[in-house]
Amino acid sequence: MATPNQLVLRSDVHFQAGKREDILDLWTQNAADAGVNVRYNAEVNQVSGQIGNFSLTLTSGEIVLGETIILALGTQGNPNLMRCDGSTLPHIQYSLDDPAAYVDEHIFVFGGGDAGIENAMGLAADPAQGNIVTLVNRSSELARAKDANIKSILSAQQAGRIAILHETTPSLIEPGFITLNTPQGSQRLACDRVIARLGSPPPRQFVESMGVEFTSESREAFPKLSPTFETTTPGIHVIGALAGYPLIKHCMNQGYDVVEFIAGNTALKPADEPILEAKLKNLPGNRTVAEWLEFLRTEIEILSGLSALNMREFLLDSEVHSFDADEVVFARNSIGSSLFGIADGGVLVQIDPNNAQVTVPISAGSIFGEVGLISGRRRGATIRASVPSIVMEIPRTAALKLMATSPEARAAINRITTERHLLQIFKSGMTPEDLADILATSEVIEVRAGQAIITEGELSNDVFIVRSGSLVVERTIAGNPIFLSYLPAGSYVGEMALIDNAPRNATVKAAVKSQIVKLNGSTFEDLLKRKPKLAATLEASASTRRKINGFIEQEKSKFGSVVDMYSSVAGFLIEQGLGEATDVLLIDEKLCIGCDNCEKACADIHDGLSRLDREAGKTYAQLHVPTSCRHCEHPYCMTDCPANAIHRGPDGEVFIDETCIGCGNCQRNCPYDVIRMDTPPAAKPSLLNWMLFGAGPGPGEPDQKWKLAHKQKGAASAGKVAIKCDMCKGKDGGPACVRACPTGAAIRISPENFLSVTQLGQRR
Amino acid sequence: MSRPPKTNVNRRTRNDHHESFLRHKNFLWLKRAAGLSLIAILGYALIDVRPHPNGGSAYGYTLGILCTGLIIWLMLLGLRKRAMTPGAWSLKAWVSAHVYLGLSLIVLATLHTGFQFGWNVHTLAYVLMMIVIITGIYGVIVYVRLPTALGANRGEVTQKLMVEELVGLDRQLSILARPLTSDLAAIVLVSVDPKNIAGGVWRRMTNQHPNCKTRAALDQLARAVPSATDAPILAEIQTLLDRKASVLKMVRTHIQIRSLLVAWLYIHVPATFGLLAALTAHVVSVFFYW
Ligand code: HEM
């Protein structure tokens, strides 16, 4: 990614990353030196007029005139302020950067929204900090917040860790005390700190009131901008986060550029021009930067919806390569998750790893490498250029952003993925042309966990492909739903009704939130008639399924309770999210002696921090699912990693590499709570040293005290990083938790095997 | 049961084997240990040592060296358990081998003695070894019998949560007790004692807590005659105390089972070190004075 470091700062105002206060001081000084007029406490309420003659009405009623306007409002808006006596005291703050920074304080958090709840929970999370935290809510219920947040704060309240005051407002803040109006009357309480999270009005409404149009209705949309950052209202420009550039250096340069444009310097090239020039310098074709941008945008289908400005930013993140005929773009099994778009030429996908002659062509305008967007697995096939080609490589994060912001790009990528997915599943000598009809009638549907796509007994004949997530197949036997099988992403289901021409013989529902591609039954039937080879493949797989179903039914009549047990355990595991797992740690409570050797081994093999919590988690029929990573099929943690530090390794493990910047996004995105943010402690004295001389804390994760006393050398800069299970990647013995279990209680399983009928009646 | 048909879902080959340490690899180490013992017995029966079977014969030496080697290897489990070194070993396999090879010592070492016992360091080593083995057998029994109870008792509550809940209850109790008359408040506050959970070793293992302060507070409150203003508060306190009593019961059972699961090691391991000392003495004396 183009870091702002490589960006030269054009602005006359200086910038050096550092403490907020220092930066602000510097800017105040620079602005004064440059003779800029700054009006403090001037909140603009309304803007009217047009270019050359704008008038800004301030809250004070005063009117300021201007010829042009540059908006640098950011996206956060201004926080709503505390309104009571004493509300300007310094111990009132409107944000909370590090909840761990406060100890033994009486803290009042105002605001019953997510921000307030999360701050309050953060401050009370560690009882050792000794904070007494009270959440103050103006209304009678916490209605605005997310369900999960409400649940967690209510349980914290029940456990006595947090107090919540409803229908309460502040009336006076003094150093050391706060006076509140509660339904029971006025109360004066000890208070060392006030954190106000009362929301902030988004600036969009205000910006729109000036006649500025946005690119879409979506909350994340930005104003429509020209290459000179001018909005749809001539004379009003937008820079910074509100324009989509949250980095300070970007914003400062944009300010400089816009002022130059307004002052008439139209020949000025954008600050990133040299970077782009350098990127494109070695490519054939002799195009200018502007020509290149336009060429890429028009040639590569998925980029067609972008504006010139978007395109610039996009290219900053991406690389453009040229390849000679036969040159390898990437090799099978190489690591990489970027997406490629072909601007010129074409490539060949080598589908048979052993025979370079068996290939499928992809032509200019299309994309490849899209599988990396979903799974981050190693490359599945070697790809080489068929003729001299120009290819744009888009990093995964940039591509995901593209999909999120451009509906055209999303549709195109989805269509291409489905087509390739079908070709892969149905092999049997199919060509994209064969699939054209099917694709035209196919649709991608999102199903929630538990939602049925096929119901037993129903007359329908659509075929479904699991694109992400997973499905379970159930059948009612003797009045009870019995779990038949588990279908991970990549499988298909529904072909049996088509082949047998019979009503559905089982119910299929989503195990977790899933994306399913629905193929029209009749169109599919036509395809089968045309392709007898495909029909034979499907018939073979259907007959396996029939056999399994028959087996379960026969077992059920003989060993009813065993089958019920199997079925209910499967149901429990699915409920625990195993439906989207690829590899899970389970603990057999019939064997677990609670020695925590699994946790200790985990900590010892991974620089001192355990990545699993054995005791936590749900249990059913003596099968315990501890809090530990399941290596999801589609990892939530990967979805929003700004450093792109989360990958999937060769054995399917999802791991975080050392480029983690500690932002905590993955921890927040993980629904299973298996990621922790922490600083690895210093190395411990050796085991023998401990055994013989009692040196160090012994095996396992050192306690908090030892960790604090023995900070890692050079830890001044070592902040918290995200830590999660990596399945002991690269250790030939396999996961340490399982290896270190003395009794065999800890096992790692992959759901498709564990949930298969072969497990039925296995003894432990 | 008949064999289920093979499924066609198989993207990643791996085995999801699930066997306890006793069944590990279909009783591989039981079979090996039994084989070893059988050979030793056969040897004992076939090799005619004169005047009387003893540790000093060639056969006796062989057995002696084997037993010493085994004992040293058995002791190494203590290291193996704590050292997460690379490699493909599994602690379960080690424990499995430990148990069965340890048991085979009953046969091997007894044959090594040639049934010559007396009041000397040699027999001391033998006795200590038997103590280690018997405690080991007891250990296996607890490992097999107690885990289910451990899981069933705690349900889905973790030890950390139990303690947190107790702290929370104590906090609520102290707050609620504030407006009460001082003698009533004193009764309630009796139960607020973070140290009154598990008690000493004996208490932990037997799970008998005759001076449980929460019980005491509950009993005294049952006899108290509160005023009209105190009565509703007391009712609330009663509920909290009942809750606390049931959490305490869970914590104490939890601690009891966990203690029982490790207590035997406090004999097994020290006796092992005793054995090591006695064994050394035995070997040294044999070489110098026999
Ligand atoms: C002379 C024979 C034996 C010696 C020297 C010996 C020694 C040891 C040692 C040093 C440990 C490690 C304890 C720790 O560090 O926590 C141990 C653990 C253990 N021993 Fe033995 N042992 C012997 C025989 C046996 C026998 C016969 C059995 C069972 C029938 C047995 C069962 C166990 C078990 C179950 C453990 C605990 C393993 C664990 O939790 O990781 N031992 N033994």
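On a predicted model such as this, the values are computed, not experimentally measured, just so you know. Throughout, a chain's letter reflects where its sequence line sits, starting with A, and its residues are numbered from 1.
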ask   = Has the side chain of B:Arg82 got a donor or acceptor atom that lies under 3.5 Å from a matching backbone atom of A:Leu687?
value = no

Within 6.0 angstrom of A:Glu539 CD, more than 12 heavy atoms from elsewhere = yes

Using side-chain heavy atoms (C-beta onward) and a distance below 4.5 Å, is [X] in contact with [Y]?
| X | Y | answer |
| --- | --- | --- |
| A:Glu615 | B:Lys160 | no |
| B:Arg154 | A:Glu589 | yes |
| A:Arg739 | B:Leu91 | no |
| A:Leu591 | B:Ser20 | yes |

ask   = With only heavy atoms counted, which part of A:Lys600 is less than 4.5 Å from chain B, the side chain, the backbone, both or neither?
value = neither

Rounded distance [0.5 Å steps], [atom1] in [X] versus [atom2] in [Y]:
| X | Y | atom1 | atom2 | value |
| --- | --- | --- | --- | --- |
| A:Thr743 | B:Phe21 | OG1 | CZ | 6.5 Å |
| A:Cys592 | B:Leu146 | SG | CG | 12.0 Å |
| A:Asp588 | B:Glu19 | CG | CD | 12.5 Å |
| A:Cys737 | B:Met84 | SG | CE | 9.0 Å |
| A:Cys595 | B:Tyr143 | SG | OH | 6.5 Å |

request  = Check each atom of B:Ser96 against the heavy atoms of chain A and say whether the ones under 4.5 Å are side chain, backbone, both or neither.
outcome  = neither

key: Minimum-distance pair of heavy atoms, taken over all atoms of B:Leu79 and A:Met691   = CD2-SD, 3.5 Å

key: Minimum heavy-atom distance between A:Gly617 and B:Glu156, given as atom pair plus value   = O-CG, 3.7 Å

remark   = Counting heavy-atom pairs under 4.5 Å with chain B, the top scorer among A:Ile593, A:Ile587, A:Asp604 is A:Ile593

note = Answer key: most heavy-atom pairs under 4.5 Å with chain A among B:Glu165, B:Gln159, B:Glu164 is B:Gln159

Options B:Leu22, B:Ile175, B:Val95, B:Leu77, ranked by heavy-atom pairs under 4.5 Å with chain A, top entry = B:Val95

